[in-house]
There are 2 protein chains.
Amino acid sequence: MPHEIAPRSGVAFTIDKGQTLTVIDPRGEQVADLLAFNRDDIGEVISSGRTLDYASRIYLTTGDPLYSNRSNVMLTIVEDDVGRHDFLLTPCSKDTFRIIYGDTDPHRGCFGNLAEALAPHGVTPDMIPIAFNVFMNVPIDGTTGELKVEPPLSKAGDRLVLRAEMDLIIGLTACSALQSNNGSFKPIHWMVE
Amino acid sequence: MPHEIAPRSGVAFTIDKGQTLTVIDPRGEQVADLLAFNRDDIGEVISSGRTLDYASRIYLTTGDPLYSNRSNVMLTIVEDDVGRHDFLLTPCSKDTFRIIYGDTDPHRGCFGNLAEALAPHGVTPDMIPIAFNVFMNVPIDGTTGELKVEPPLSKAGDRLVLRAEMDLIIGLTACSALQSNNGSFKPIHWMVE
C-alpha cells in the first residue's frame, strides 16, 4: 500500500541502492517536489545543472539519469506515465507566495515542508537545491525565453518510477502552490519497493 | 583599466553594495561564469531557480534582478550589450569534459577554477551552484525541450554591467569549455567601480 502525503505537506525517508521509488498522483494535476541526498555524505545532492547539461534536454523521462552536483547518477527514471516534469524552479516558499502571489501571511510552501522533514537528516535550509518537480508543467517559449506554470498533464493514478543508484535520503512533497496544481491542493502517494 | 582573466582560469573578489561590476568580452564569443555569495553569510548564494521563477523567463537582461536562495536580490543587470546569457547549466568541470567530450585527462574547468579562487573565502566545492553564465548562448526548443550550446552572440568589446545590491563575494571565470566559446579559449575582462 502506498503512503500518503497530505495536501501542502512533505516527508523525508531513506531508500537503498537498487530499490525503486514510485510517485503517484492519486487525483490528477498534482505536483510533487523531489530532492535526493547521498545518505553517506549529504553534501552530495541532486543537481539540475549537471543533469540538464548531460541530457541536453530540459524535459526528462524514462531512461534519463538524475545526476548529483558531483556528477554521479543518483536516480534513473524507469517508468513515466506523464512525460512532463520541471527541473528549473526551486521549491515554492514563503517568499514565493509573498513575491508572486502577494500573500501577506504566506504558507511555508514546499521549501518549508522539505526543510522540516530533512532537518533530522542534517540537511539545513541553505542546502536545498532546485528540486526535480514531478508532474510540474513548465513550458518554455524558445524564442522569448518566457516560462509559464501550467496545469500538470498527470491524470488520476499516473506514476513516475525511479531506481535509486546509491543509498539516498529523499525529500518529497505534495506541492503547496496554487498555480502549479491547477488551483487546488491534493495529496501525493509514494512507495519504496 | 579592467583586470584580465586569462583563458581557462578564474578569480574571486569582493564588491560592495552599490558598486557596479562590468564583465567585458574583449575578443568576442567568450563566456564568463559568474557566482555571487553574500559576504556576511556565504550560505546565501545566487539561485537560478528563484531568479527564473520570479522573472517568469529563462533569458535575463537589463533591469532583471538576480536573486539568492533566500529570495533577496543580490545583483541587478543595469546594462547589457548582448541580451543572451544562460542560467540553466552548472560550471564546466572535470566530469563535464569526461562525460560530454570524452577527455581522458580532463581540465578542471570553470568548476575547478571557481573552487580554487573561492576557497580562501570559505566556499567549498559542494557550495557551488548553477552559475549565471554571462554571454553563454543556450537556445531551447520549446516543444522537445532540447537544449544546444551555440556560439555566444557577444562581439569584441561587448559588456554586461551589474549593480551589487548587497556586499558580495564574486567568482568569475573565462570559461574553459570548447563548445561554449565557439571552439577557442579567450580572456575575460572585468572591473568594479
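Side chains are part of it too, since the values below use all heavy atoms of this structure and drop only hydrogens, waters and symmetry mates. Here is the naming used below: chain letters follow the sequence lines, and residue numbers restart at 1 for every chain.
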**Student:** Name the member of B:A131, B:S56, B:S71 that forms the most heavy-atom pairs with chain A at distances under 4.5 Å.
**Tutor:** B:S56
**Student:** Checking A:F87 against chain B: side chain, backbone, both or neither under 4.5 Å from a heavy atom?
**Tutor:** neither
**Student:** Looking only at the side chains, is there a donor atom on one of A:T96 and A:S93 sitting less than 3.5 Å from an acceptor on the other?
**Tutor:** yes
**Student:** Less than 3.5 Å apart, any donor N or O on the side chain of B:Q30 or B:D25 sitting next to an acceptor on the other?
**Tutor:** no
**Student:** With distance as the sole criterion, is a donor-acceptor pair present between the side chains of A:R108 and A:N113 under 3.5 Å?
**Tutor:** yes
**Student:** Please rank B:I58, B:T51, B:T144 by heavy-atom pairs under 4.5 Å with chain A and give me the top one.
**Tutor:** B:I58
**Student:** Hydrophobic cluster membership, with links at side-chain heavy-atom distances under 4.5 Å among I/L/V/M/F/W/Y: are A:V161 and A:I15 in one?
**Tutor:** no
**Student:** Testing the 3.5 Å rule here: is there a donor-acceptor pair between the side chains of A:T90 and B:R50?
**Tutor:** yes
**Student:** With ring centroids as reference points, do B:F37 and B:H121 lie under 6.0 angstrom apart?
**Tutor:** no
**Student:** Distance only, no hydrogens: is a donor on one side chain within 3.5 Å (strictly under) of an acceptor on the other, for B:D80 and B:T61?
**Tutor:** yes
**Student:** For B:I100, is it the side chain, the backbone, both, or neither that has a heavy atom closer than 4.5 Å to a heavy atom of chain A?
**Tutor:** side chain
**Student:** Is it true that the side chains of A:N137 and A:D86 contain a donor and an acceptor less than 3.5 Å apart?
**Tutor:** no
**Student:** Select one option (side chain, backbone, both, neither) describing which atoms of B:L52 are under 4.5 Å from chain A's heavy atoms.
**Tutor:** both
**Student:** Counting only heavy atoms closer than 4.5 Å, note whether B:I130 contacts chain A via side chain, backbone, both or neither.
**Tutor:** side chain
**Student:** Could you tell me which of B:R70, B:K148, B:R98, B:E146 has the largest number of non-hydrogen atom pairs under 4.5 Å with chain A?
**Tutor:** B:R70
**Student:** Between A:I140 and chain B, with a heavy-atom cut-off of 4.5 Å, which part of the residue counts as in contact: side chain, backbone, both or neither?
**Tutor:** both
**Student:** I need the residue from A:L88, A:I128, A:L89 with the largest number of non-hydrogen atom pairs under 4.5 Å to chain B.
**Tutor:** A:L89
**Student:** Heavy-atom cut-off 4.5 Å, strictly under: side chain, backbone, both or neither for B:Y67 against chain A?
**Tutor:** side chain
**Student:** Heavy-atom cut-off 4.5 Å, strictly under: side chain, backbone, both or neither for B:T124 against chain A?
**Tutor:** neither
